[in-house]
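Reviewing the structure listed below.
Quantities reported herein were computed from a predicted structural model and do not represent experimental measurements.
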Amino acid sequence: MAEAIRLAKENVEQLKGGPFGAVIVKDGEIIARGVNTVTADNDPTAHAEINAIRNAAKKLGNFQLEDCEIYSSCEPCPMCLGAIYWARPAKLVFAATKQDAADAGFDDSFIYRELSLPANERKIPTSQRMRQEAKKVFSLWNQTENKIEY
């Protein structure tokens with residue numbers, strides 16, 4: 001955890017991005033690090049946890065991080081939490097809370113509220129089209145025998 005916090009502090013000091021750091025540990029050793037590079041990369045998905053997951057997956061040659069632990073300097077936002085669940089680590093540990101982040105100007109509570117609303121009531125206009133055509137792709141997926149499931 002100390003390394004995740006150190007990365008977050010260093011990221012602020014070097015003006016590379018937001019005050020967030022994450023590390024991924026396997027068998028007691030750090031195998032990947034990540035910092036927030038949203039502004040440096042002009043990438044709204046470049047959060048510390050996402051960057052650490054990408055680095056770990058490349059290093060392990062696997063899209064799942066079973067038997068790994070993720071240490072984050074802050075409680076993950078909804079996007080990062082989703083990515084963490086998809087990566088399937090054995091454990092997640094965080095330091096600062098989402099309220100601590102909100103107090104510093106990083107308030108994700110509106111996203112949590114938006115997720116609980118029906119699609120047509122969300123702030124970003126959202127609609128649905130061509131459902132039947134899209135469902136056919138899922139049927140194709142289900143019929144594919146040599147697919148890699150995740």
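Using modelled atom types, one finds no donor on one side chain facing an acceptor on the other under 3.5 Å when comparing Ser139 with Asn142.
Heavy atoms only, all atoms of each residue included: Ala4 and Ser72 are closest at CB-C, 4.2 Å. Minimum heavy-atom separation, Ile31 to Ala56: CD1-CB, 4.0 Å. Considering every non-hydrogen atom in both Glu49 and Cys80, the closest pair reads OE1-SG, 3.3 Å. Shown here for Ala52 and Ala32, the closest heavy-atom pair between the two residues is O-CB, 3.6 Å. Asp108 and Cys77 make their closest contact through OD2-CB, 3.1 Å (heavy atoms, listed as atom of the first residue, atom of the second, distance). Annotation for Ile84 and Pro89: closest pair O-CD, 2.9 Å, computed over non-hydrogen atoms.
Under a 3.5 Å cut-off, the side chain of Asn55 and the backbone N or O of Asn51 do form a donor-acceptor pair. Between the side chain of Asp100 and the backbone N or O of Cys74, no donor-acceptor pair lies under 3.5 Å. Glu114 places a side-chain N or O within 3.5 Å of a backbone atom of Lys123 that can act as its donor or acceptor partner. Not a single donor-acceptor pair under 3.5 Å links the side chain of Arg131 to the backbone N or O of Arg129. With hydrogens and angles disregarded, no donor-acceptor distance shorter than 3.5 Å links the side chain of Asn36 to the backbone of Pro19.
When the side chains of ILVMFWY residues are joined at heavy-atom separations under 4.5 Å, either directly or via intervening members, Val93 and Ile30 end up in a single hydrophobic cluster. There is a path of hydrophobic side-chain contacts, each under 4.5 Å, that joins Met1 to Val23. The hydrophobic clustering, which links ILVMFWY residues whose side-chain heavy atoms are closer than 4.5 Å, places Phe110 and Phe106 apart. Hydrophobic clustering keeps Ile50 apart from Val35 (ILVMFWY residues linked when any side-chain heavy atoms are closer than 4.5 Å, directly or through intermediates). Leu92 and Ile53 fall within a single hydrophobic cluster, where Ile, Leu, Val, Met, Phe, Trp and Tyr are joined by side-chain heavy atoms under 4.5 Å apart, directly or via other members.
Note that OG1 of Thr144 is 12.0 Å distant from CD1 of Ile148, once rounded to the nearest 0.5 Å. Atom CZ of Arg54 sits about 11.5 Å away from atom CD1 of Ile24, to the nearest 0.5 Å.
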Give every donor-acceptor pair under 3.5 Å between a side-chain atom in residues 57-71 and any protein atom, sequence neighbours left out.
residue : atom : partner : partner atom : Å
Asn62   : OD1  : Gln64   : N            : 2.9
Glu69   : OE1  : Tyr71   : OH           : 2.5

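Remark: Thr126 engages no residue in a side-chain hydrogen bond (donor to acceptor under 3.5 Å, both in side chains) (not counting sequence neighbours).
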Report task. Let me see the working for Gln99 and Asp103 under side chain to side chain contact (heavy atoms under 4.5 Å, CB included), right down to the final yes or no. Result -> CA-CA 6 Å; Gln99 185 58 55; Asp103 293 345; 2.8 Å; yes
Query - side chain to side chain contact (heavy atoms under 4.5 Å, CB included) evaluation trace for Thr45 with Met79 - result: CA-CA 8 Å; Thr45 69; Met79 176 184 68; 4.0 Å; yes
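The environment of NZ in Lys147 is crowded: more than 12 heavy-atom neighbours from other residues, nucleotides or ligands sit within 6.0 Å. Counting heavy atoms of neighbouring residues, nucleotides and ligands inside a 6.0 Å radius, atom OH of Tyr112 exceeds 12 of them. Residue-environment remark: NZ (Lys26) exceeds the threshold of 12 foreign heavy atoms within 6.0 Å. Shown here is Glu29, whose CD atom has no more than 12 heavy atoms of other residues, nucleotides or ligands within 6.0 Å.
A salt bridge links Arg6 with Glu3: at least one charged nitrogen is closer than 4.0 Å to a carboxylate oxygen.
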